[in-house]
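Notes follow the structure.
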Amino acid sequence: MPCDGAFLRIASLMSSERKQYPFWLIEPKWQKFWDEQQAFRAWNPGESIPASHPFAQRHGHSPAQERPKFYILDMFPYPSGAGLHVGHPEGYTATDILSRYRRALGFNVLHPMGWDAFGLPAEQYAIKTGQHPRTTTEQNIATFKRQIKSLGFSYDWSREIDTTDPKYFKWSQWIFLQLYNSWFNPATGKAEPIEKLPYPPELTTENENRAYRDTKRLAYVSDAPVNWCPELGTVLANEEVIDGKSEVGGYPVIRRPMRQWMLRITAFAERLLEDLETIEWSHSLKEMQRNWIGRSEGAQVDFPVADRNPNYKITVFTTRPDTLFGATYMVLSPEHNLVDEITTPQQVQSVRAYQDEVSRKSDLERTELAKEKTGVFTGGYAINPVTRQKIPIWIADYVLISYGTGAIMAVPGHDTRDLEFAQKFNLPIVQVVQPAGGEDWRGYVDDGISVNSANPEISLNGLPTPEAKKKITAWLESKGVGEKTINYKLRDWLFSRQRYWGEPFPIVWKKDQRGELCHEALPESALPVLPPSLDDYKPTPTGEPPLARAKHWVQLPDGSIRETNTMPQWAGSCWYYLRYLDPHNDQAFCSPEAEHYWMGNRRVTHHASRITPGVDLYVGGTEHAVLHLLYARFWHKVLFDLGHVSTPEPFFKLVNQGLILGEDSQKMSKSRGNVVNPDDILAQYGADAFRLYEMFMGPLEMVKPWSTKGVEGVYRFLGRVWRLFVDEASEVELEQQLTTSASPDPNLLASVRLHSSIQDVAPAASQLKTLHACIKKVTEDLEGLRFNTAISAMMIFVNDAISWSVRPRSVMKQFLQLLGPFAPHLAEELFAKLAATFNEQPESLSYASWPKFDPALLVEDTLEIPVQVNGKLRDRIVVAAAATEEQVQAAACAAEKVRPFLEGKTVKKMIVVPKKLVNIVAA
RNA sequence: GCCGGUGUGGCGAAAUGGCAGACGCACAGGACUUAAAAUCCUGGGGCUUUAAAAAGCCGUGUCGGUUCGAGUCCGACCACCGGCACCA
C-alpha cells in the first residue's frame, strides 16, 4: 500500500482542486525542525539542558526542577494492524494543544507517548500467518508512529516506551514480585512486606507457615472456577466478560475450575472507592467505578441447620436484616459447599441432576435468558434465628456463588426475586414491612415500617426500616449469630492468561519435602524473564499455556519448572505512566527524584490532606473505565503503601474524549463502510486542518459525528490565516515553481513574502480590542478545555483582521501565538516569516511566552443596552459607559419603541443590570 | 429494573439567571471570471400583517413552578445514548 506521506502529498498536489495553502511543504518542514531540535524534550531533575535548547533559551540555566511541572498524558494506543483511526487524534490533539499552551506559560511539560503492544490480536495474527508477533508488533508500531508523527504532536519521543520491550517488562515483572511479596494488613489497611506477616500460634512447621503465607499474598494462586473462553483458549477476568461473552471477539465463556494467579484487589475496595473523592474525574466515570466495586452495607446472619450437628450453619449476607422475621426459606447457590451436607437421601437425585444441569449452562443462560426461576428442594431445613421456625433450604441458580456468601435468606414478601420463586414453588409469603404510602405490601421492597417482627426478646414493630436494621443487627451481634458487614461486588483480579504474547511470570514451581508443588519467586537478578521462542503459538485445548511447549525453557537445571501462564494485557498499562518519568533507568522502574518531581506537588492542593496530583491531566476513552483505570489505581496504591511512589492516586484529573461517529451518525465500522481514514484527510487538508477540525466539532467529551464538509470549513479558515499574512503575488509564484519542480522542496517557501499590509506600526485601539478579546477568550477556553469556542474566537479575529488595510506586526504576532497550539505548523511558518521579514531574533514559537490580555483595552466608551418591558425585548438604547442608573432609566423610558408599551400604564419597578439590560415592569 | 449523560435552526454547535442561535457547515443572492473552481460581499428560526421598509406573535423535548426576567434554577414526565443488572 502506498501510504507514504510524501506520496500522498504529491498525489494531492496533482489533483485539480486548488489548495488553500502549501501545508504539504510547511508541515514536514516543521516536524523535521522539532525533531532535530528535540524541541519537546522534557527535562528531569538533575539533567543538564544544552544552552541551545529552546527551553534553556527561554528559562536560562536554572535547573529544570525549579520550573513548575505539568504532566499531561494520553492513554497509549494498542498498535493494531488497522492503523490509527480518527478517534485517536481527538484526545491526542487536545493534550497536544494543552501541552503547547503550558510550555508557553513556562511549565516544564512532560508529554510522552508509547505502545501497549502485548495482546491477543498480534498473537492471533501470528497463529494465522506464522509470523512472530514481535515482527507484526514492530510493523504496527512503525505505522502508528508515522501516523502520529505526521500530526505534529509535541511528544517527547526520547521517552517512548513499548510494553513488549524486555527493558520495559522487566519492571512489570518486578512490580508483580512486589505484589507477590506483600500482604494486606487489615489493621493498618495497607499493603506490607510479607516478611512482616504474623503467623497464628497454632502453626508450627515451616510448611504450615508457607501455606499460610501463600494464602495472604497480594498475588496468590486459586483453584476457583474461572471464566474460560474455549475459542480464545484462555481464561478472562470478570471485567473482560460481557453478557457471558468475551469482550474480545464475542465468544462464549464458560466457568471451569482452573489453577490461576489472582491479585487481591478486593482488599483495596474501600480505598479505591473512598479515594475517588480526592480526584477530578467525570461524575459518570466515578459512578461506573463505584458501580463496579459495588459496595453494599448489610449484615451477615448465621442460620443453624435443623436436625443436624449444630455446628452446621449457613451464613447469608443481606442488606435487609430488618426483614429477618420474614425469611421463610433459604436458597443456596448450586455450587455452595454445604449442599451435599444438607441434602437428604430422598432429594439427592434431583439435587445432583439440578447441579449438573446448571453447571452446563453458560453465565448468559443463567441470567439474561432465564425468564423463569428454577430450583430444587434439598430436603434440609434451617432454623430462622429470630422466629425459631424451621424453614426449607432450596438450591437455585438465581443465587450466585460469586456474590456475598453464595447463600441467601429468602424474604418473599419484600424481594422481587424471592417472591417470584416463592409463588412458583408455593413457599410461604409473610409481611414484615408496612409501606408508608399504603401500597400493597406484597413485593414491596422499599423502606417502610416493620410489622410482624417480634419475639419474646426483641421487637422491631413500628420502627422505620433504617432503625429496624440497626436494632436487629445489634441484637444479632449480642447473640453472636450475626454482624454488620460490608460486601463488595468487586472480585479479585484473575491475572494469568494462557497466551504466548504476554509477560512471563517471574515464578517457578518446586516440590517441597513432602513432594507437594509450591511456587517460589525468582530473584530480581533473574529479571527480565524472557518468553521462549516457539514455532506454535496456538492455545492448547486443555488450557495448558502455549509456553509449556518450550520444554527446555520450562525445565530449570535445579529440577524446578517455570510458571507457563503469562500476564494479561493490562499488566503493562498498569504502570506505564511511571516508566515515562525515567524510561531509561535500568536500576529502578523510576528514580525517586523523577517520581517526586513529576508526580509530586508544587501547587496548593484543595480539601483532604493526602491529595497530591500525580498525572496532572489524563485523557482517554471511556472504554477503560473499569479495566485499566481500576487496575492502575490498585497497583499504584500498592506501590504507594510500599513506599515506591509518593501519591495515593495516579491520575489527578481525567477527561474522557467523546466517541467520533461516522458521517451517518452511526458508530464507525468496516461493515457500515463509514470509516474515515486519517491518512486521507491529512493528504487532502493537512495536519493542522485535521487537528483543528477535531477540536472544532464540539465539546471534547461529547459524542459527535464526523463531517468532511466541516473539515473543509476549518481548512478554509487556515487558508484565510495564510492570506492574512502572505503576499498573493509571491504565492502565485510559489505555485508556479511547484508545478515545475519535481519534488516539493520546503526551501521554496522562502520565496513567499509577507503581506504588504503587515507593518511595524502602533495598533489602533479597535485593533487592540479585537486582539485582546481574542486573547481573553482563547486563554479562558484553554483553561476550561473548551477548544471549540477558542477556535471560533480566532475565527472572529481573522474575520475582522482580514478587512484591515494596515495589520500591525505586534498584533499579528500575538495572534500567531494564540494559533500556535492549535495549528502549530502554519503558526510556526508564519511566525518565522514575520521574524525574518522584520530582522527579529528568530524565536521558537513553541517556547514563546503566552500573550497576556489587558482588560483595560476591552472597555467600551458607549454601550448598547437592550430594554425590556415586562420581560419582553422592545428596544435598544445607546448610553455612555459611565452613565448613572438614573440616566439609563430615563433613556430607557424615552426610547421610541418602548413608549407605546408604557402608555396608559404605571411603571411599577425598573430593573437595571449595569452595562447589561433594563427591564421596565409596568401594569 | 437501577445509575449516569444528552435533548436548542436543514446540520455541528454557542450563550456567569439578562438581546436565544456566536462560530462553522449546507443553502440562496451578488461581485470577480469567456466559464467553472477558488476567493470576496450579502442573507437565512417559524408564523402572521405588509408592495416594501417595518411591526406583532410564537419559539431551546413535554407539562408545571420559582423569578422583574428561565435554554440556564426547582418538580414531574417523555425520547435517545452509555454503564450496570437474578448483586441478596
Side-chain angles (χ1 to χ4, degrees), chain A residues 16-20 242-243 282-292 294-296 298 316-320 323 331 366-368 370-371 373 396-400 402-411 415-418 420-421 445 487-490 622-623 625-626 656 658-659 661 665 667 693 696-699 701-714 716-717 719-720 723 728 777 786 788-796 798-799 802-803 864-876 897 900 908-913 915-922:
Chain A
S16 58
E17 193 184 329
R18 193 181 160 202
K19 295 292 177 185
Q20 289 277 347
I242 292 162
D243 295 337
S282 73
H283 185 74
S284 67
L285 197 74
K286 286 186 182 184
E287 217 36 51
M288 279 190 226
Q289 291 222 340
R290 285 194 193 106
N291 240 316
W292 192 262
R295 181 186 197 273
S296 53
V316 301
F317 173 75
T318 176
T319 55
R320 293 297 300 270
T323 62
V331 185
R366 280 183 66 159
T367 57
E368 212 118 315
K371 303 247 189 296
K373 293 265 179 296
D397 67 356
Y398 83 92
V399 174
L400 309 174
S402 56
Y403 185 78
T405 61
I408 61 157
M409 62 176 209
V411 183
D415 182 282
T416 318
R417 298 149 303 181
D418 297 344
E420 218 180 289
F421 192 81
V445 297
N487 195 48
Y488 300 92
K489 200 186 85 174
L490 183 70
T622 349
E623 65 273 19
V626 290
N656 292 118
L659 198 66
L661 304 174
S665 292
K667 228 177 191 159
Y693 173 64
F696 189 62
M697 290 169 86
E701 289 162 273
M702 293 282 114
V703 177
K704 44 211 175 273
W706 179 269
S707 155
T708 299
K709 285 286 183 195
V711 185
E712 280 172 27
V714 290
R716 274 202 284 270
F717 162 70
R720 279 160 77 87
R723 293 189 293 277
E728 216 179 316
K777 182 77 179 141
R786 293 179 297 266
N788 54 334
T789 48
I791 293 166
S792 82
M794 290 188 283
M795 288 173 169
I796 291 167
V798 170
N799 289 347
I802 208 131
S803 65
E864 196 192 55
I865 292 180
V867 180
Q868 297 179 339
V869 178
N870 292 332
K872 279 188 182 166
L873 179 72
R874 295 304 176 189
D875 204 355
R876 295 184 175 86
K897 290 173 197 160
K908 290 185 136 179
K909 201 171 169 183
M910 246 198 230
I911 285 104
V912 179
V913 184
K915 299 182 197 297
K916 283 275 185 187
L917 168 140
V918 179
N919 189 13
I920 303 168
V921 185

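Reminder, nothing fancy here: chain letters follow the sequence lines and each chain counts from 1. Keep in mind that this is a model prediction, so the values were computed, not measured.
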(request) Could you run through nucleotides 14-22 of chain B and give me one letter per nucleotide, 5' to 3': B if any protein heavy atom sits under 4.0 Å from the base, S if only the sugar-phosphate is that close, - if neither? (result) S---BB--B
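Qualifying side-chain contact (heavy atoms from CB on, under 4.5 Å) partners for Q289(A), counting only residues two or more places apart in sequence or in other chains: L276(A), W281(A), L629(A), L630(A), R633(A). Listed by chain and residue number, F421(A) satisfy the ring-ring contact (aromatic ring centres under 6.0 Å, His included) test with Y398(A) (two or more places apart in sequence, or in another chain). Every residue was checked against the ring-ring contact (aromatic ring centres under 6.0 Å, His included) condition with F696(A), not counting sequence neighbours, and none meets it. For K709(A), the side-chain contact (heavy atoms from CB on, under 4.5 Å) test picks out S707(A), E712(A), with sequence neighbours left out. R723(A) meets the side-chain contact (heavy atoms from CB on, under 4.5 Å) test with Q20(A), R720(A); sequence neighbours excluded. With sequence neighbours excluded, the residues satisfying salt bridge (Lys or Arg N to Asp or Glu O under 4.0 Å) with E420(A) are K373(A). Under the salt bridge (Lys or Arg N to Asp or Glu O under 4.0 Å) criterion, E287(A) pairs with R290(A), not counting sequence neighbours. Every residue two or more places apart in sequence or in another chain that forms a salt bridge (Lys or Arg N to Asp or Glu O under 4.0 Å) with R786(A) is listed here: D781(A).
Counting distance only, with no hydrogens placed and no angle test, the side-chain atoms of K908(A) and the base atoms of C68(B) include no donor-acceptor pair under 3.5 Å.
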(request) Dot-bracket for RNA chain B, please, read 5' to 3', with Watson-Crick or G-U wobble pairs under 3.5 Å on both distances, ( ) within the strand, [ ] crossing, | other strand, . unpaired. (result) (((((((..(((.....[....))).(((((.......))))).(((((....)))))..(((((..]....))))))))))))....
Taking only N/O atoms, report every protein-nucleotides 58-61 of chain B pair under 3.5 Å with atom names and distance.
{"unit_1": "C58(B)", "atom_1": "OP2", "unit_2": "K872(A)", "atom_2": "NZ", "d": "3.2"}

All N/O pairs under 3.5 Å across the protein-nucleotides 40-44 of chain B interface:
{"unit_1": "C40(B)", "atom_1": "OP1", "unit_2": "R720(A)", "atom_2": "NH1", "d": "2.8"}

